[in-house]
Every structure is written in C-alpha cells, then in structure tokens.
Amino acid sequence: MPELPEVETVRLTLRPAVGATIGGVWTSGQPLRLNRPIPTAALRRALVGRRITELRRFGKYLLVDTDGPRSLLVHLGMTGRLRIHRAADERALHTHVVLRFEDGRELRYSDPRRFGQVDLARRGAERDHPSLAVLGLDPLTERLDGAYLHDRARGKSASLKAFLMDQGIVAGVGNIYASEALWRAKLRPTARLPRLTRERADALARGIRDALRHALAKGGTSLRDFVDADGVAGENADYLLVYGREGAPCRRCRTLIRRSVIQGRATFFCPRCQVL
DNA sequence: ATCACGACCTGGAGGC
DNA sequence: TGCCTCCAGGTCGTGA
C-alpha cells in the first residue's frame with residue numbers, strides 16, 4: 001500500500017506524538033511478515049519510560065526515535081496503519097501493536113494482511129539494521145539524478161519498471177509511482193536497462209522526483225486503505241496521471257492507456273508517447 | 001550475480 | 001443471500 005509519499009504523510013501527521021512518554025506496550029501475539037513474531041519483550045525493555053523525540057523515514061521505513069538508545073522501526077507493508085488514538089477509543093480489528101502514552105493517548109499499529117514489520121534499531125547506527133542497510137538512495141532526502149541511475153543500471157538487463165521498484169536502487173518507489181514516473185519520463189515500463197541512456201536517466205530521475213513530490217503535496221494516494229495518522233485519506237488518487245487509467249485517454253496524447261503485468265504487478269502506460 | 005515468479009495474508013468488489 | 005474468483009500502495013525465498 002504505502003509508498004514513499006504515504007509513509008512521509010504518516011510521518012508528518014504523527015508529529016503530535018513527539019514529546020509523549022511511553023507508559024506501556026501491548027502486542028497481539030500474531031506474527032507479521034515472514035511469520036516473524038513481534039519482539040514484545042524487547043519493545044517493552046527499549047520503549048517503556050522513554051520519551052519520543054523524533055520521527056524519521058528511510059524509504060518506506062519509519063523510525064520513531066526516543067530519548068533512549070533504541071528506535072522503533074516500522075514498515076507498513078500493504079495494509080499497515082499507524083494512528084494516534086485516545087486510549088478509550090475502540091481498538092480496530094487487526095491491531096497488532098499499541099504504545100500507551102502517559103497522557104492518555106495511544107499510538108496503534110494495525111495491519112490486516114500482516115505484511116508489515118515492527119522491530120527495534122540502534123539510534124545512530126540504524127543503517128546497520130538489515131532492513132535499512134540494503135536501501136538505495138531516498139529521492140526525498142538525497143540527491144537523485146540521472147548519473148546515479150545510469151551508474152546503477154550498468155551491467156543489468158531488467159525492465160525499467162523492475163529497476164525502479166528495486167528498493168536497493170531507489171528507496172520508496174512502489175507500484176503506483178513506478179508507472180507514474182515512467183509516464184512522466186516518456187519511457188516504456190518494459191524497456192530494458194541497457195537502453196537507458198544518460199539522457200533518458202536524467203528524465204527518469206526527474207520523473208521520479210516529480211511523481212513523489214506531487215503525491216506528497218496531496219497527502220498521498222488512497223486507493224482503498226491508506227489513511228494518515230489522523231485517519232484522513234490522501235487525495236492524490238484524483239491526480240494520478242496513468243496508474244489505474246486503463247482504457248482512458250492519455251493526458252498527453254489522448255491515446256488509450258494500456259495495462260500490462262510486469263513481475264506480477266499491474267503496470268500502466270501510454271503505448272504512443274512512452275516511446276522507449 | 002541477476003531475474004521473474006509464487007507465496008505470504010485478509011478483505012472488498014463483482015459475477016453468477 | 002451466498003459462494004466463487006480476482007485483485008490490492010510489498011517483500012522475500014526459490015529456482016532457472
């Protein structure tokens with residue numbers, strides 16, 4: 001579900017949690033991604049009594065820093081939500097982690113499909129965490145340009161779309177924004193990396209940055225599940241340029257948008273103006 | 001090493 | 001109404 005703009009939207013709307021002191025930790029006992037148990041005891045040891053100091057994002061991962069040495073690491077998977085509630089509010093089905101604050105609020109993580117991840121990372125050494133160590137460049141906080149993409153494409157033969165969705169190359173781009181970025185760059189999702197010239201890589205870098213920034217400005221894309229930390233849906237679904245528009249006219253050339261499947265994921269493109 | 005596929009899991013939508 | 005199939009913002013293990 002959530003790609004970089006959605007995770008960043010959650011981070012921004014979660015800011016009222018900064019300053020809160022964690023009084024208790026509850027977990028559902030159900031495992032998340034890869035059948036991995038939530039490390040309840042370790043979460044309690046690391047977080048109870050600590051004050052939340054900062055919220056950071058690396059690609060699609062969110063870090064909740066505390067005044068202790070450990071940060072809470074969260075990945076939302078496809079259906080994960082992180083929301084602030086009053087403690088008295090009824091708990092949603094599929095709630096898996098609750099941080100009780102001493103001021104009567106709670107930070108709750110829910111995730112029906114349990115594709116997400118909840119763990120601890122060492123503050124200051126968070127990039128040593130195996131999930132963060134493998135991430136490529138974050139287009140919002142680091143300089144993403146054509147030189148970088150062109151260099152990382154060397155020796156590879158995958159499709160442009162698979163390349164974009166590889167978190168080790170660009171951290172934060174997922175299925176929606178891969179299609180959006182390629183449409184903006186006028187590049188065919190099925191095109192192979194050897195044809196990514198430096199000039200095309202420049203266009204692609206620009207397409208990625210623009211797709212993500214515009215989506216973030218609309219509070220992210222809510223196709224079905226996504227809401228921010230206050231439960232508010234994003235508005236970017238109304239502004240998508242190509243994703244989900246199969247059979248509708250291309251916004252540039254009016255040719256009908258086509259849908260195909262690349263690596264098992266729905267992919268949308270204009271067969272006329274995405275020439276490469 | 002790289003690449004593409006299937007599996008993981010639940011729920012909503014649409015067809016019959 | 002109910003039951004079926006298909007689909008979904010992600011990632012990882014597998015086998016070619």
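Only this structure's heavy atoms are used, side chains among them; waters, hydrogens and symmetry mates stay out. The chains referred to below are lettered A, B, ... by the order of the sequence lines, with proteins before strands, and numbering in each begins at 1. Predicted model only: the values in this text are computed from it and were never measured.
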Worksheet entry | Atom P, compared across C/dT5 and B/dA7: separation rounded to whole Å |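 My reading of the P atoms in C/dT5 and B/dA7 gives 15 Å.
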How long is the line joining [atom1] of [X] and [atom2] of [N], in whole Å?
{"X": "A/L223", "N": "C/dG10", "atom1": "CG", "atom2": "P", "answer": "10 Å"}
{"X": "A/R259", "N": "C/dC6", "atom1": "CZ", "atom2": "C1'", "answer": "10 Å"}
{"X": "A/R81", "N": "C/dG10", "atom1": "CZ", "atom2": "P", "answer": "16 Å"}
{"X": "A/L132", "N": "C/dG10", "atom1": "CG", "atom2": "C1'", "answer": "15 Å"}
{"X": "A/F268", "N": "C/dC7", "atom1": "CZ", "atom2": "P", "answer": "11 Å"}
{"X": "A/D166", "N": "C/dT11", "atom1": "CG", "atom2": "P", "answer": "10 Å"}
{"X": "A/I176", "N": "C/dC7", "atom1": "CD1", "atom2": "P", "answer": "17 Å"}
{"X": "A/Y177", "N": "C/dA8", "atom1": "OH", "atom2": "P", "answer": "16 Å"}

What does [X] touch in the nucleic acid at a heavy-atom separation under 4.0 angstrom: a base, only the sugar-phosphate, or nothing?
{"X": "A/R36", "result": "nothing"}
{"X": "A/L34", "result": "sugar-phosphate"}
{"X": "A/R33", "result": "sugar-phosphate"}
{"X": "A/Q117", "result": "nothing"}

Worksheet item: Is NZ or CZ of A/R252 both nearer than 6.0 Å to the six-membered ring centre of A/W183 and within 45° of the ring axis?
Response: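 Flagged: A/R252 positioned over aromatic ring of A/W183.
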Worksheet entry | A/L14 CG to A/L82 CG distance, which is reported to the nearest 0.5 Å |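 CG of A/L82 is found 5.0 Å from CG of A/L14.
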Worksheet item: Hey, is the side chain of A/H75 poking within less than 4.0 Å of OP1 or OP2 on C/dT11, counting only N and O atoms?
Response: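 The answer is yes; a side-chain N or O of A/H75 sits under 4.0 Å from OP1 or OP2.
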Practice prompt. Classify the side-chain pair A/Y239/A/T221 by whether it contains a donor and acceptor separated by less than 3.5 Å.
Written response: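 Absent: no donor and acceptor within the cut-off.
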Discussion item. Just by distance, no angles: are the side chains of A/D65 and A/T53 close enough, under 3.5 Å, to form a donor-acceptor pair?
Written reply: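 A/D65 vs A/T53: no donor-acceptor pair found between side chains.
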Discussion item. Here's a test for you: under side chain to side chain contact (heavy atoms under 4.5 Å, CB included), which of A/L196, A/L144, A/D145 qualifies with A/L204?
Written reply: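 By the side chain to side chain contact (heavy atoms under 4.5 Å, CB included) criterion, A/L204 pairs with just one of A/L196, A/L144, A/D145: A/L196.
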Discussion item. Counting primed atoms plus P, OP1 and OP2 as sugar-phosphate and everything else as base, spell out the protein contacts along nucleotides 2-9 of chain B at 4.0 Å heavy-atom distance: B, S or - for each nucleotide, 5' to 3'.
Written reply: SSBS--BB
Discussion item. Are A/L216 and A/I208 connected into the same hydrophobic cluster when the rule is that any two of I, L, V, M, F, W, Y join if their side-chain heavy atoms are below 4.5 Å apart?
Written reply: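 Yes, same cluster.
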Discussion item. Run the salt bridge (charged side-chain N to carboxylate O under 4.0 Å, His left out) test on A/E106 and A/R100 for me, step by step, so that the C-alpha distance in whole Å, both residues' side-chain angles and the decisive distance to 0.1 Å come before the verdict.
Written reply: CA-CA 5 Å; A/E106 290 182 345; A/R100 183 172 51 77; 5.6 Å; no
Practice prompt. Both distances under 3.5 Å, Watson-Crick or G-U wobble: report the partner of B/dT10, or none.
Written response: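 Paired with C/dA8.
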